[in-house]
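Since this is a predicted model, take the numbers as computed values, not measurements. Each chain gets a letter, A, B and so on, in the order the sequences are listed, and its residues count up from 1. All heavy atoms count here, side chains included; hydrogens, waters and symmetry mates do not.
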Protein chains: 2
Amino acid sequence: MHLIRRATLADVARKTGLNASTVSRALSRPERVNDETRRRVEQVAAELGYSPNIMARNLSRGVINTILVMAPNFADQALLPVFTDVLLGICNEAEAQGFNVMIQHHSASTIPPEDVVKVLNGGMISGVILMATDHWKAVPEIGSGTQPPPIVSIMVDMTHLGLTSVVAQEAEGFSEMVDYLVRRGYMSFAYVSGPKGATHEKIRCRSVMTQLTTHGLGDRLIRLEGGPFDMASGARAAKAYLALHERPRAVICSSDALAVGFMHGIIAAGLSVPEDVAIVGYDGLDYSAFVTPTLTTMSQPSTEIGRSAMRSLADLILGQASTAQLIALRPKLLVRDSA
Amino acid sequence: MHLIRRATLADVARKTGLNASTVSRALSRPERVNDETRRRVEQVAAELGYSPNIMARNLSRGVINTILVMAPNFADQALLPVFTDVLLGICNEAEAQGFNVMIQHHSASTIPPEDVVKVLNGGMISGVILMATDHWKAVPEIGSGTQPPPIVSIMVDMTHLGLTSVVAQEAEGFSEMVDYLVRRGYMSFAYVSGPKGATHEKIRCRSVMTQLTTHGLGDRLIRLEGGPFDMASGARAAKAYLALHERPRAVICSSDALAVGFMHGIIAAGLSVPEDVAIVGYDGLDYSAFVTPTLTTMSQPSTEIGRSAMRSLADLILGQASTAQLIALRPKLLVRDSA
DNA sequence: GTGAAAGCGCTAACAC
DNA sequence: GTGTTAGCGCTTTCAC
């Protein structure tokens, strides 16, 4: 576990015959040092392959500028496609704001509060972005300050715990989806569910039921067990669908992955989409536009969610924000060929 | 940029009336401390919400156990699907070995050696896994030791620079693909290329040409410009294909994403797969099994690559390995419906 | 403009 | 079993 012995500031100081503090200055505030000195330091540093120990620097400065994205394990993937889209927004914004981003994958499907606290206390991280993490009862105390903890939740509303949250308006999205299908004349529905117990899942399912009820179609809904947000689960749901006595004409899937898997199962069985079954997904992943038929879906502004979360986190860290706010972004219906 | 003031070891020491070193011991080696003492420390620590500052600990111990995965930007995605598969293997193995994993996304398509050196010198990271990074001329000096640098390259062979590398046998994979198609009786071919200049791309393209030549079919190959490994590029290539005077009957795509995009373009134009055009991909991504028709592809052992890389890196860090080795894993042909 | 000294929070000898 | 001391590599007053 030992590291190779690297050049330290002291090494450079020794070799230049200067004092460590001078070398330090020469490197971090070149203007406050003699030109000649600066050049000498730079040269020796290069010779020695010196670059500063970040930990020591942070420890000394009491300041850090790295944020950590904590991602749970869903469907046994290190990172769901949606997450990588979100990540892109986070990384872009972070770069603009001068923060480094680290990502940490967790093997559990929800990130324990203690882990977050540990990370924050650890001193290497100035803020945390939580991906799709639910079931928190409370945010454990962090430090002794009265400042809000530098934690932003993505995809799940945690404002009741005092955490700024950036989410998609999933309920609205699914309602809109239902409206769209009803408008197109569909009268019987199936809903392919996501992972049991997940907050997303509850929101989505309820939204579909409620909106259908609004249309007086509350009893025309069949719920099909999907499972983790992956294609295999969708295909399994298709089997269940095909076994139904009366098959609903419109199927709403809790995610694009489920929808693609479902659609594949349907087509493989010889039915056609959308003639026999209309299918809609949710997420707006890139592949939804390249399956055949193309998938009608609600596109989440994933990258924008990431960007927005990072911006909020930066405000929190820099002390420019003090109350938890909910930022809810509207998904957008992409009408394509499957429904 | 300032952190909330947290409880430190000193705080706990003060409140318990014990010495800092005792508290430290109580926390990290409970058995070497009086039972009564331990309990008191634990209680106060809990009260104060104390958890150790990792940086200070590492600085003091001179030891770290975090490895960093550096991932380049391809096709403007934070992480290609293949990378997330690899990541899963890395994370699993790291967990087993007691390492933490951090991931860092870079906005460039290849990671500059200096960045890696900086990270390693930074002192927070004990080793680096490089994802699909090419065009390195040399590995800059790291530290003064004669030990090999704790860097493992994934997907690209960097053994000539002294870096242990874990790769897929891409050339063999593409040759096998060609053999398969020839065996099935195809006589005319197109190759949809990946990003220009990428090492992968060169290897794959050359392998296809060479193997076709071996079969005396060297002049029956048309190269179609694909571009970044994404579906939109595949769809564009399909347009180019459709504009051809003589359309090859078999199309080899440099990646699954390209293949799915290409297939979509072909089907949208009213042709059928595989009757009119046979299509094969490379990667073995999950969606390749759920498009219609299902995609024949070479499945890379992505997760295994990740696991293997992490294992090698651990050996390097623990000083149990000293020479750069090449670990090449064989991809596997998945015959499905598209060819 | 540069050096001396103190200290960031922790751990690891070394005494007692 | 516990306290004392020194030190990890760096930055930052504060003198000069």
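I64(A) places its CD1 atom 16 Å from the P atom of dC8(C), with the value rounded to the nearest Å. One can place CG of D11(B) at 13 Å from C1' of dC8(C), the figure rounded to the nearest angstrom. Whole-Å rounding puts the L59(A) CG to dT12(D) P distance at 12 Å. When rounded to the nearest whole Å, the span between CZ of R61(B) and P of dG9(C) equals 18 Å. Between the CZ atom of R14(A) and the C1' atom of dG9(D) there is a distance of 12 Å, rounded to whole Å. Taking atom CG of N58(B) as the reference point, atom P of dC10(D) lies 15 Å away to the nearest angstrom. As a whole-Å value, the separation of R57(B) CZ from dC8(D) C1' is 14 Å. Atom pair M124(B):CE and dC10(D):C1' shows a separation of 14 Å (rounding to whole Å applied).
Formation of a donor-acceptor pair under 3.5 Å by the H106(A) side chain with backbone atoms of I111(A) is not found in this model. T110(B) places no side-chain N or O within donor-acceptor distance of the main-chain N or O of T133(B), the cut-off being under 3.5 Å. Judged by distance alone, the side chain of R25(A) and the main-chain N or O of P30(A) form no donor-acceptor pair under 3.5 Å. Under a 3.5 Å cut-off, the side chain of S308(B) and the backbone N or O of I305(B) do not form any donor-acceptor pair. Not one N or O on the side chain of S60(B) forms a donor-acceptor pair closer than 3.5 Å with the backbone of A56(B).
Residue T8(B) places its side chain closer to dC10(C) than to any other of dC10(C), dT11(D), dC10(D).
Across the interface with DNA chain C, nearest-nucleotide mapping of A20(B) and T37(A) shows T37(A) to be the residue nearer the 5′ end. Comparing A56(A) and V23(A) along DNA chain C, the residue whose closest nucleotide (by nearest heavy atom) sits nearer the 5' end is V23(A). Each of R25(A) and L9(A) lies near DNA chain D, and the nucleotide nearest L9(A) is the one positioned closer to the 5' end.
Each end of the helix from dG1(C)-dC16(D) to dC16(C)-dG1(D) gets its own rotation axis from five pairs of C1' atoms, and the angle between them is 40° to the nearest 10 degrees.
For T22(A) against dG1(C), no side-chain N or O and base N or O form a donor-acceptor pair under 3.5 Å. In this model, a side-chain donor or acceptor of S60(B) finds a partner on the base of dG7(D) within 3.5 Å.
Going from atom CD1 of I317(B) over to atom CD of Q97(B) covers 9.0 Å, rounded to the nearest 0.5 Å. Atom CG of residue L163(B) and atom CG of residue L130(B) lie 7.5 Å apart, to the nearest 0.5 angstrom.
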TODO: Could you walk me through whether T159(B) and T164(B) pass the side-chain contact (heavy atoms from CB on, under 4.5 Å) test, one step at a time?
DONE: CA-CA 6 Å; T159(B) 48; T164(B) 289; over 6 Å; no
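Using a 4.0 Å heavy-atom distance criterion, S21(B) is classed as a base contact. R29(B) comes within 4.0 angstrom of sugar-phosphate atoms only, judged by non-hydrogen atoms across all strands, and of no base. When heavy atoms are screened at a 4.0 angstrom cut-off, S28(B) is found touching no nucleic acid atom at all.
Between N19(A) and dA4(C), a side-chain N or O to OP1/OP2 separation shorter than 4.0 Å is present.
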